[in-house]
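Data first, discussion second: the structure below is written as structure tokens.
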Amino acid sequence: MGDLLKGISSFRGAVFPTHSALYRKLAREGQQPHALMISCADSRVMPETITQSGPGDLFVCRNAGNIVPPFSTLNGGVSSAIEYAILALGVSDIVVCGHSDCGAMKGLCLPQMLEPMPNVAAWLRHSHAAYSIVCQAYPDDLSDAERVRAVAMENVVVQIDHLKTHPSVAAKLATSEITLHGWFFDIETGEVQVYDGVLARFTEVQEGEPLPVAFTGRGHPHVMPRIAAALAGE
Ligand SMILES: [Zn+2]
């Protein structure tokens, strides 16, 4: 705890004064973050550091395994954070960020690890689809490390699908007001790979190139145009 106290003291004495105008503005006007980031609670994955974001930039929700329970299965913190970020803060982007060497994904691959942790085991059922995909659709001869990495990547895509079951997300997708992103952070190299929903694979971010996205309402046949066409008698 001594290090934490030293950190607070250093923040107050050296860091805060250089940003005090920004903090005052945020205190006066409230927050207007542009994105909701759902990432793992892993201490090595720091959303603000990875994206070089400052105070007020990101609305962050962290949990073991960067999981988004499907709507209505659990009335919990993640569902509330999503609803609040969209309806109260008006975020235009949601990022699900997985990472390498994820303990939660290792737990999925080695269920005996979870025996003394019934809550973790129950929480990770929201990621079983990712494990199932890797078991059945990937080569059998993956090493343990490759398997954990594949499950972590598939888990990002599974959680993006869960996001779409939340009414607040579904409605904003239908009106093209929100974009969903899937990222994968490699702890060892610092690299962030981005899920390209059109190519259905993770790609490296190229500076100056448009950022691939996992899912966007734009260009997809949604309920509104369909109903509009029906009303128009087409
Ligand atoms: Zn993790």
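Positions are given from 1 along the sequence.
A distance of 12.5 Å separates CG in Leu4 from OG in Ser9, rounded to the nearest 0.5 Å. Interatomic distance, Ile86 CD1 to Leu173 CG, rounded to the nearest 0.5 Å: 8.0 Å. Put simply, CD1 on Ile94 and OG1 on Thr179 are 9.5 Å apart, with the number rounded to the nearest 0.5 Å. Rounding to the nearest 0.5 Å gives a distance of 9.5 Å between SG of Cys135 and CG of Leu142. The distance from the NE2 atom of His99 to the CG atom of Asn155 is 9.5 Å, given to the nearest 0.5 Å.
Residues passing the side-chain hydrogen bond (donor to acceptor under 3.5 Å, both in side chains) test with Asp161 are Lys164, sequence neighbours excluded. Not counting sequence neighbours, the partners of Phe202 by the ring-ring contact (aromatic ring centres under 6.0 Å, His included) test are Tyr195. Looking at residues two or more places apart in sequence or on another chain, you find a salt bridge (charged side-chain N to carboxylate O under 4.0 Å, His left out) between Arg44 and Asp42, Asp101. Thr18 is linked by a side-chain contact (heavy atoms from CB on, under 4.5 Å) to nothing, counting only residues two or more places apart in sequence or in another chain. Qualifying side-chain contact (heavy atoms from CB on, under 4.5 Å) partners for Ala152, counting only residues two or more places apart in sequence or in other chains: Met105, Phe184. With sequence neighbours left out, the salt bridge (charged side-chain N to carboxylate O under 4.0 Å, His left out) criterion links Arg149 to Asp186. Take Val198 and apply the side-chain contact (heavy atoms from CB on, under 4.5 Å) test, not counting sequence neighbours, and it matches Asp196. Glu115 is linked by a side-chain contact (heavy atoms from CB on, under 4.5 Å) to Gln112, counting only residues two or more places apart in sequence or in another chain. Looking at residues two or more places apart in sequence or on another chain, you find no ring-ring contact (aromatic ring centres under 6.0 Å, His included) involving Phe185.
Proximity of a side-chain donor or acceptor of Arg125 to a complementary backbone N or O of Ala122 within less than 3.5 Å is detected. Remark: side-chain polar atoms of Ser132 are not paired, donor with acceptor, to backbone N or O of Ala129 under 3.5 angstrom. Judged by distance alone, the side chain of Gln159 and the main-chain N or O of Val156 form no donor-acceptor pair under 3.5 Å. In this structure, Arg62 contributes its side chain and Pro47 its backbone to no donor-acceptor pair below 3.5 Å. In this structure, the side chain of Ser143 engages the main chain of Glu146 through a donor-acceptor pair within 3.5 Å.
Side-chain contact between Val68 and His126 is absent, with no heavy-atom pair separated by less than 4.5 Å. For the pair Val169 and Leu180, the minimum side-chain heavy-atom distance is below 4.5 Å. Taking 4.5 Å as the limit, every side-chain heavy atom of Cys97 sits out of range of all side-chain heavy atoms of Asn66. Residues Ile133 and Val157 are not in side-chain contact: their nearest non-hydrogen atoms beyond the backbone lie 4.5 Å or more apart. Taking 4.5 Å as the limit, every side-chain heavy atom of Leu124 sits out of range of all side-chain heavy atoms of Tyr131.
Contact detail for Ala64 and Ala104: the closest heavy-atom pair is C-CB, 4.1 Å. Of all heavy-atom pairs between Cys109 and Val151, the closest is SG-CG2, 3.8 Å. Pairing each heavy atom of Gly13 with each of Pro17, the nearest pair is O-CG, 3.4 Å. The two residues Glu188 and Ser100 have their closest heavy-atom pair at N-OG, 4.5 Å. Closest non-hydrogen pair, Ala85 versus Phe59, comes out as CB-CD2, 3.7 Å. Scanning all heavy atoms of the two residues, the minimum distance from Leu108 to Ser127 falls at CD1-CB, 3.4 Å.
For CE of Met117, the number of neighbouring non-hydrogen atoms (other residues, nucleotides, ligands) closer than 6.0 Å is greater than 12.
Cluster membership check: Ile50 does not share its hydrophobic cluster with Met153, using side-chain heavy-atom separations under 4.5 Å among Ile, Leu, Val, Met, Phe, Trp and Tyr. One hydrophobic cluster holds both Val192 and Leu58 under the rule that ILVMFWY side chains link at heavy-atom gaps under 4.5 Å. The hydrophobic clustering, which links ILVMFWY residues whose side-chain heavy atoms are closer than 4.5 Å, places Val213 and Ile82 apart. Leu110 is not connected to Leu114 by any chain of hydrophobic side-chain contacts under 4.5 Å among Ile, Leu, Val, Met, Phe, Trp and Tyr, and they are in different clusters. There is no path of hydrophobic side-chain contacts, each under 4.5 Å, that joins Val148 to Val45.
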Below 3.5 Å, can you tabulate the donor-acceptor pairs from side chains in residues 23-39 to any protein atom, sequence neighbours excluded?
{"residue": "Lys25", "atom": "NZ", "partner": "Glu29", "partner atom": "OE1", "Å": "3.4"}
{"residue": "His34", "atom": "NE2", "partner": "Asp57", "partner atom": "O", "Å": "3.4"}

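Cluster partners of Leu199: none. The rule joins Ile, Leu, Val, Met, Phe, Trp and Tyr whenever side-chain heavy atoms lie under 4.5 Å apart, and it links nothing here.
For residues 134-183, the ring-ring contact (aromatic ring centres under 6.0 Å, His included) pairs, not counting sequence neighbours, are Phe71-His166.
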